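Structure record follows, encoded as structure tokens.
Remember, predicted model here, so these are calculated numbers, not experimental data. Residue numbers start from 1 in every chain, and the chains themselves are labelled A, B, ... in the order their sequence lines are given, proteins ahead of strands.
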Protein chains: 2
Amino acid sequence: MTRIRHQSLDCSPGCAVEATLQLIDGKWKGVILYHLLQGTLRFNAIRKRLPNITQRMLTTQLRELERDGFVLRTVYPEVPPKVEYSLTQRGRTLKPVIMALKAWGDEHTAFGYVTETCADQNDLLTSAAKGIE
Amino acid sequence: MTRIRHQSLDCSPGCAVEATLQLIDGKWKGVILYHLLQGTLRFNAIRKRLPNITQRMLTTQLRELERDGFVLRTVYPEVPPKVEYSLTQRGRTLKPVIMALKAWGDEHTAFGYVTETCADQNDLLTSAAKGIE
DNA sequence: CCGCATCCTCTTGGATACTG
DNA sequence: CAGTATCCAAGAGGATGCGG
């Protein structure tokens, strides 16, 4: 979306709205934050929850969330590697926002948008999970 | 941001979060909705509140909001033309979301992001206003 | 006053292949 | 397992000029 980071936006009273949006935009950040709200997750655990995301995307989105101070990345020096992602204190402050987004979506996408082909994708998800583990 | 519209997303429980985000994303939609929450506005009235937006962008963003059923566009057949934008019923259901975004921004951008060069831009805003009206 | 049309640039993000 | 690197397509979004 090409929002400019850490710079002036429009500076009108609605400025704060945009400022927040620019932090959680990025095609997958909303969902990632949502899932992390429910607890710490490993890299592939997140992937399994986001069937359509590519490794590259997941990595970059997580890096951005980390840079913005929302997500904590913990690397365990083991073989095989293990990396856990959890929300920081700051990340948890986004909970009301994420929940508001989810609440609206739950109420208003039921009649109209999204909803289809979900079955297919969940199939993909579970079979992918089998293949991985 | 290239979110896919009206299609399956990731279909995980966080689906609703993304579904909502994809509707209010677009570089300016958040702020536009915020301002319209406070009442009906004419085209140039919105422009004055968004110093950095181009006509083209304002038009396209408004059209998308209209298409998604959030905004009502009323054209008065006068000379010079007069067009008013207001929120629909559905648009007003987004209020909790917008407010959550604003609340977070107000609390968390004060110490860190945005805040600078606002003076300059507000100057531009007022002088532009003088030139127009 | 409120646009639309055109052109053009830059970012986002997808596909794929390779590493410690 | 959890990445990185490279390449590439699509489209968001800026600048500018015209029109009713």
Side-chain angles (χ1 to χ4, degrees), chain A residues 1-5 7 9-10 18 21-32 40-66 71-86 128-133, chain B residues 1-5 7 9-10 18 21-32 40-67 71 73-86 128-133:
Chain A
M1 195 200 298
T2 324
R3 294 183 202 268
I4 301 157
R5 313 200 131 265
Q7 285 192 19
L9 294 155
D10 67 278
E18 260 304 308
L21 268 177
Q22 89 181 345
L23 290 172
I24 60 175
D25 101 53
K27 197 173 180 184
W28 305 92
K29 288 190 192 172
V31 217
I32 293 175
T40 299
L41 288 174
R42 296 184 55 168
F43 187 83
N44 274 349
I46 303 179
R47 273 192 85 185
K48 276 190 276 183
R49 284 168 174 75
L50 275 15
N52 292 327
I53 199 171
T54 58
Q55 285 150 317
R56 194 178 94 85
M57 261 299 107
L58 182 52
T59 307
T60 54
Q61 301 280 292
L62 282 169
R63 288 295 134 84
E64 287 183 28
L65 289 171
E66 191 188 358
V71 161
L72 182 68
R73 180 167 174 266
T74 315
V75 184
Y76 296 86
E78 306 173 0
V79 179
K82 174 178 168 184
V83 181
E84 283 186 346
Y85 293 90
S86 57
K130 281 178 194 168
I132 288 171
E133 291 193 336
Chain B
M1 196 195 301
T2 324
R3 293 182 202 269
I4 301 156
R5 312 201 131 265
Q7 283 193 21
L9 294 158
D10 66 279
E18 259 302 309
L21 267 178
Q22 90 182 344
L23 290 173
I24 60 175
D25 102 53
K27 197 173 178 183
W28 304 93
K29 287 190 192 171
V31 217
I32 293 173
T40 300
L41 289 173
R42 297 185 55 171
F43 187 83
N44 274 349
I46 303 179
R47 273 192 85 186
K48 276 189 277 182
R49 284 168 174 74
L50 274 18
N52 292 326
I53 199 173
T54 59
Q55 284 151 320
R56 194 178 98 84
M57 262 299 107
L58 182 52
T59 307
T60 53
Q61 300 281 292
L62 282 169
R63 287 296 133 82
E64 288 184 28
L65 290 170
E66 189 187 359
R67 180 200 59 189
V71 161
R73 180 166 174 269
T74 315
V75 184
Y76 296 86
E78 305 174 359
V79 179
K82 173 179 168 183
V83 182
E84 284 187 344
Y85 293 90
S86 57
K130 282 178 193 168
I132 289 170
E133 290 194 338

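Between the C1' atom of D:dC1 and the CZ atom of A:R42 lies a distance of 7 Å, rounded to the nearest Å. As a whole-Å value, the separation of B:E66 CD from C:dC2 P is 15 Å. As rounded to whole Å, 16 Å separates atom C1' of D:dA12 from atom CG of A:L21. The separation between B:Y76 atom OH and D:dG20 atom C1' is 20 Å, rounded to whole Å. Per the geometry, CZ belonging to A:R47 stands 10 Å off C1' belonging to D:dC1, to the nearest Å. Distance CD (B:E64) to P (C:dC4): 13 Å, rounded to an integer number of Å. Rounded to an integer number of Å, the gap from B:I46 CD1 to C:dC1 P is 15 Å. The nearest whole Å value for the distance from the CG atom in B:D25 to the C1' atom in D:dA12 is 10 Å.
Nearest to the side chain of A:F43, among D:dC1, C:dG13, D:dG3, sits D:dG3. Of all nucleotides listed (D:dC1, D:dG13, C:dG3), D:dG13 comes nearest to the side chain of B:K27. Residue A:P80 has its side chain nearest to D:dC1 when only D:dC1, D:dG13, C:dC2 are considered.
Across the interface with DNA chain C, nearest-nucleotide mapping of A:M57 and B:P81 shows B:P81 to be the residue nearer the 5′ end.
Between A:L58 and A:I32, some side-chain heavy-atom pair lies under the 4.5 Å cut-off. Considering only heavy atoms from C-beta on, A:T60 stays 4.5 Å or farther from A:R63 through its side chain. A:L41 has its side chain within reach of A:I46: a pair of non-hydrogen atoms, C-beta onward, lies under 4.5 Å apart.
Of the side-chain N and O atoms in B:Q61, one or more sit less than 4.0 angstrom from OP1 or OP2 of D:dG13. Dashed line: the shortest gap from a side-chain N or O of A:R63 to OP1 or OP2 of D:dG3 is under 4.0 Å. Considering only side-chain N and O atoms, A:R73 lies under 4.0 angstrom from the phosphate OP1 or OP2 of D:dG3. Taking 4.0 angstrom as the limit, A:Y85 places none of its side-chain polar atoms (N or O) nearer than this to OP1 or OP2 of D:dC1.
Remark: the backbone N or O of B:F43 is not paired with any side-chain donor or acceptor of B:R47 at under 3.5 angstrom.
Each of A:E66, A:K29, A:R56 was evaluated against A:Q61; a single residue qualifies, A:K29, per the side-chain contact (heavy atoms from CB on, under 4.5 Å) test.
At a threshold of 4.0 angstrom between heavy atoms, the contacts of B:R56 include nucleobase atoms, whether or not backbone atoms are also involved.
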